[in-house]
Amino acid sequence: MIQDETAELEQLVTTAQTGDVEAFEQLVHLYEKRVYQLAYRMAANPDDALEMTQEIFLKLYRSLDTFRGESTFNTWLYRLATNACLDFLRKRQRVEKASAFSLNQLDMFEKETEPKDAAPLPQDLLERSDLQSLVQEALKLLSPEHKLILILCDIENKSYDEIAVLLQCQLGTVKSRIFRARSALKQIVISRAELFEDYLRHTDQKGGSE
Amino acid sequence: MMNCQDCREEISAALCLPEEQWSPEIQQHLAECAACRREFQWMQKAQAAIRDDQPAELPKNLHSSIMLAVAVGKLTLTEAKTETGSIEKLIAIKQKRKKNPWRLWTAAAVAAAAAIVMMVHSSGILIRPDNTSAEVGIADTKIADDSAAATGNPNQTEADPKEVSRMMLNPSAPQEPTACEPAAGSEAIDSEESTIATKAPTLPPTTLIAAPDEIYGLTTELPIGTADPVVRSLQIELDAALQEPLLAAAKSHALGYELLPATAEGFVIQLKIEGTGKELVELLRGIVIPDGYAASLPVFSLLPTVDSEKAADQTEISVYPIGSESVSLETETVYQLIFQFQVK
């Protein structure tokens, strides 16, 4: 059954490579939802996600004839998609230098996430009811590379081996990058939790003085 | 013995594995080190929070906007050549279509269609299907006759009015140049063959029938011929922020156009535009990458209107790139682009 599907996909790709628009459109149909979901998680907003998705399929159209079947089409397309997402976000980051939560701060976090310097986890953080939203927000603030690797690992459930193939790096590098990404995420969560506490304290004081 | 640093990297990797597959070293370290246990708890909770992220809602026009982007991205402009009036390329491309020769689509065409609609809009002409009005019913018959005359197809005098494009002209339309009237200096329109601009005046009179600013600054409904007694409509929806640059682009390229009769092959409306490669590409660029927009796409979307009672029967507009290869338009060559909207 799976073999049939694989053969069918291979045939579809081969047909699309000859310039068959309908075959290409079928490929779009097959992958557009998955690609959009990846793009959405990377971009964190629907407009950018749609734009990224369009760019990915335009790149697919332009480079389809370079697909030689050395990896599966899934892997090849995913690699193309992840690279396109990273390019897009890097470009966007260059434009958004004046972001409220600046890249400098993120860089600072990244530097702080060397394992030996890993900040201790506040005792009460694990008990917080808003931990989930803090993590979700922190995920958006991660660098594109860290965000991508956590999405691939934790949301897309890709194995380390698959991620290594996708990102074209060694298994050890994947392991190390994921650890760094988790550490960076933790630092942002801690920072935001502290900011939130400060805000609450400030609000309480203000409220109390009135 | 494993130190904390190594252990944390290992437990990060081990998160995706069942506990029984963890190495004895990790298990031993975790049993002995409270800090690493807490770190592990954190990683588990963070991973659960990440995994809990709900899938995004897909945009309604996801597929068509992707195909449109691909088609737009295929257009390139080559060096100027002096020949004019050549449409062989497009005809050849059209013939490549195997199953349905009417399914010649381009993002260029669609973008140009939007431009035409903008031009039509700016000229005070709006088009929409309407078989509910007796007055329009009379107009339909006349349009069927006029369309047949315009296309030289006598069979179409007997065409089902539902399969014929309907146009209504606003008698109080603005006096600015319309899409039917090429702007001064638009020499391409005067070329000898298939001069759409000279055909365009044969189109029947039309009437402004809808406020143009209903949705996102512009709503234009196009007629769709159909054997289905329920007349469906397509809607071209444009972001308000793009209306101004689109209007400017459309006005600055007052190219000829012709509204062709719908075919019996589906719910189709066809529009034909003629201009030099340069004009067409500039027109497209004016639309696709308007000033002030960092992103080139998406610029506009084509969305079907859905009757409230027929929401389940939502239609989808297909967008097809020209033929199978990138299209290179020569700067001075005059092209006709025929494009259509088809409801699957």
Side-chain angles (χ1 to χ4, degrees), chain A residues 18-22 24-25 28-29 32-33 35-37 39-41 46-51 53-58 60-62 92 95 115-116 118 120-121 123 125-126 131-136 138-139 150-151 153-155 157 159-160 174-176 178-183 185-186 189, chain B residues 3-13 15-17 35 38-39 41-53 55-59 61-63 65-74 96-100 103 105 294-298 301 318-326:
Chain A
T18 66
D20 187 295
V21 177
E22 285 173 17
F24 178 76
E25 189 172 7
V28 174
H29 262 306
E32 63 191 6
K33 293 182 182 66
V35 169
Y36 180 81
Q37 292 296 345
Y40 183 84
R41 288 189 162 114
D47 291 340
D48 283 350
L50 184 58
E51 192 174 336
T53 307
Q54 290 170 327
E55 280 191 17
I56 289 164
F57 281 104
L58 181 56
L60 171 67
Y61 186 86
R62 286 176 171 158
R92 192 176 73 178
V95 175
K116 60 184 174 186
L121 194 69
Q123 190 65 44
L125 189 59
L126 287 171
L131 179 62
Q132 181 158 333
S133 60
L134 280 171
V135 170
Q136 294 285 353
L139 188 64
L150 285 185
I151 288 170
C153 176
D154 290 345
I155 298 179
N157 288 320
S159 70
Y160 278 36
V174 173
K175 197 192 272 187
S176 157
I178 289 179
F179 176 58
R180 282 164 198 268
R182 292 197 198 285
S183 300
L185 187 78
K186 185 179 78 177
V189 169
Chain B
N3 63 31
C4 288
Q5 186 180 318
D6 291 341
C7 177
R8 288 175 190 190
E9 192 164 329
E10 287 300 321
I11 58 176
S12 162
L15 270 181
C16 305
L17 300 172
R38 201 163 76 233
E39 191 69 17
Q41 276 184 303
W42 148 255
M43 286 186 193
Q44 277 185 315
K45 289 209 172 190
Q47 188 186 46
I50 293 169
R51 284 185 167 164
D52 202 47
D53 189 23
E57 191 179 331
L58 298 173
N61 60 335
L62 176 63
H63 183 76
S65 65
I66 290 169
M67 294 305 290
L68 180 63
V70 172
V72 168
K74 290 169 64 182
K96 282 186 183 173
R97 303 290 309 171
K98 293 172 191 170
K99 294 178 184 173
N100 183 353
R103 294 177 69 193
W105 275 72
S296 60
L297 297 166
S301 56
S318 298
V319 184
Y320 296 91
I322 286 181
S324 59
E325 294 164 6
S326 294

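Because the structure is predicted, anything quoted here is derived from the model rather than measured. Labels below follow one simple rule: chain letters A, B, ... track the order of the sequence lines, proteins then strands, and each chain is numbered from 1.
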- request: Identify which part of A:Ser176 has an atom lying under 4.5 Å from any heavy atom of chain B, answering side chain, backbone, both or neither.
  value: both
query: Rounded to the nearest 0.5 Å, how far apart are CD of A:Gln132 and NZ of B:Lys45?
result: 11.0 Å
query: Got a second to check how far B:Ile11's CD1 is from A:Arg182's CZ, nearest 0.5 Å?
result: 9.5 Å
query: Taking atom CD1 of A:Ile155 and atom CD of B:Gln47, what is their separation to the nearest 0.5 Å?
result: 10.0 Å
query: Do you know which two heavy atoms are closest between B:Pro59 and A:Tyr36, and how far apart they sit?
result: CD-CZ, 3.4 Å
- prompt: Nearest heavy-atom pair of B:Trp42 and A:Val135: which atoms, and what distance?
  reply: CH2-CG2, 4.1 Å
query: Do B:Glu39 and A:Lys186 touch side chain to side chain, with heavy atoms closer than 4.5 Å?
result: yes
- prompt: Checking B:Glu10 against chain A: side chain, backbone, both or neither under 4.5 Å from a heavy atom?
  reply: side chain
message: Going by side chain to side chain contact (heavy atoms under 4.5 Å, CB included), name the residues that satisfy it together with B:Ala48, two or more places apart in sequence or in a different chain.
response: none
query: Shortest non-hydrogen contact from B:Ala13 to A:Lys175?
result: CB-CG, 3.6 Å
query: Taking atom CG of B:Leu58 and atom CG of A:Leu50, what is their separation to the nearest 0.5 Å?
result: 10.5 Å
query: So which part of B:Leu15 gets closer than 4.5 Å to some heavy atom of chain A, the side chain, the backbone, both or neither?
result: side chain
task: For residues A:Tyr40 and B:Glu57, determine if any side-chain heavy atom of one lies less than 4.5 Å from a side-chain heavy atom of the other.
output: no
field: chain B contact via A:Leu139 - which portion, at a heavy-atom distance below 4.5 Å
entry: side chain
query: Among B:Ala49, B:Ser12, B:Ala46, B:Pro55, who wins on heavy-atom pairs under 4.5 Å with chain A?
result: B:Ser12
- request: Check side chain to side chain contact (heavy atoms under 4.5 Å, CB included) between A:Glu32 and all other residues, then give those that pass, not counting sequence neighbours.
  value: A:Val28, A:His29, A:Phe57, B:Leu62, B:His63, B:Ile66
